[in-house]
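What follows is a single structure, written as structure tokens, with notes after it.
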Amino acid sequence: MPESIQQLPAEALAQRALAQRRRLRWAQGILLLFHVTGFLGLGFSQDPAFFLQFVPLNLLLTLGLLLAFQPERSATFWWFCLVAMAVGFSVEVVGIRTGLLFGFYEYGSTLGLKWLGVPLIIGANWLMLTYTAGILARYLPISDFLRALVATLLMVGLDACLEPVAVRFDFWQWRFDVIPLQNFKGWFAVSLILQVFFNRTQFEKRNPLAAFVYMLQLLFFFGLGLLH
């Protein structure tokens, strides 16, 4: 009898770990299905407009599943999410109105409903990129500032893959149809600020879905960029 009692905690932990792995596989499968469908539709369909209407939904689904695997969703964690979205949205408003941060550009219709000329969903995109890159950099045994630099480079690298695809499918358009170097400098500066904030905000920084989401996004946009 004592042996079975002692075994219960270990069995319960094993069952919990198994359930977590199953949920993770389901989440990865759903995201893979959405991204592969979108990739095929945008890359090979004669009418990509049908698939473009699901871009905001795909982004919200990805972010929702990602946050669902955050192990501890404290008030501090939600504060980080709110600030990251607010900062991301605000810099885009400043960006399109002044051209000082990223160069001169304007948003198309693909990303959905806009306010002040910026799609409302853009804040969610900044949050997703900041969070996933920040989580990945936490695996490195280096200082927080160096982690912030690494995560910033991950964000800028993903943006470099995203830009040609975004222009082609009317996420946004650049003046004279040229992606300026200023865009990447601005991305680096804003991303670094957000990553420093990420590291200084106290919440549990691990997520088993983060690496999958980052690689899926990277391959999705890199692959579409190669097709055209």
Geometric class of the Trp126/Trp187 ring pair [parallel <30°, tilted 30-60°, perpendicular >60°]: parallel

Phe80 and Gln202: CA distance, side-chain angles, deciding distance, side chain to side chain contact (heavy atoms under 4.5 Å, CB included) verdict: CA-CA 9 Å; Phe80 158 75; Gln202 298 301 314; over 6 Å; no

Ring centers of Phe198, Phe203 separated by less than 6.0 Å: yes

Heavy-atom side-chain contact between Val91 and Phe102 under 4.5 Å: yes

Trp172/Tyr105 under ring-ring contact (aromatic ring centres under 6.0 Å, His included): CA gap, chis, key distance, verdict: CA-CA 7 Å; Trp172 52 79; Tyr105 65 106; 7.2 Å; no

NZ/NE/NH1/NH2 to OD/OE distance under 4.0 Å, Lys205 and Asp144: no

Step-by-step side chain to side chain contact (heavy atoms under 4.5 Å, CB included) determination, Phe171 to Tyr107: CA-CA 6 Å; Phe171 288 30; Tyr107 280 98; 5.7 Å; no

Heavy-atom closest pair, residues Ala151 and Ala137: CB-CB, 3.9 Å

Pairwise side-chain contact, Leu40 with Ser45, heavy-atom cut-off 4.5 Å (strictly under): no

Leu219 and His35: CA distance, side-chain angles, deciding distance, side chain to side chain contact (heavy atoms under 4.5 Å, CB included) verdict: CA-CA 10 Å; Leu219 292 173; His35 282 78; over 6 Å; no

Shortest non-hydrogen contact between Ala124 and Leu63, atoms and distance: CB-CD2, 3.7 Å

Over 12 non-hydrogen atoms of neighbours within 6.0 angstrom of CD in Glu106: no

Least distance between heavy atoms, Ala148 atom then Thr152 atom: O-OG1, 2.7 Å

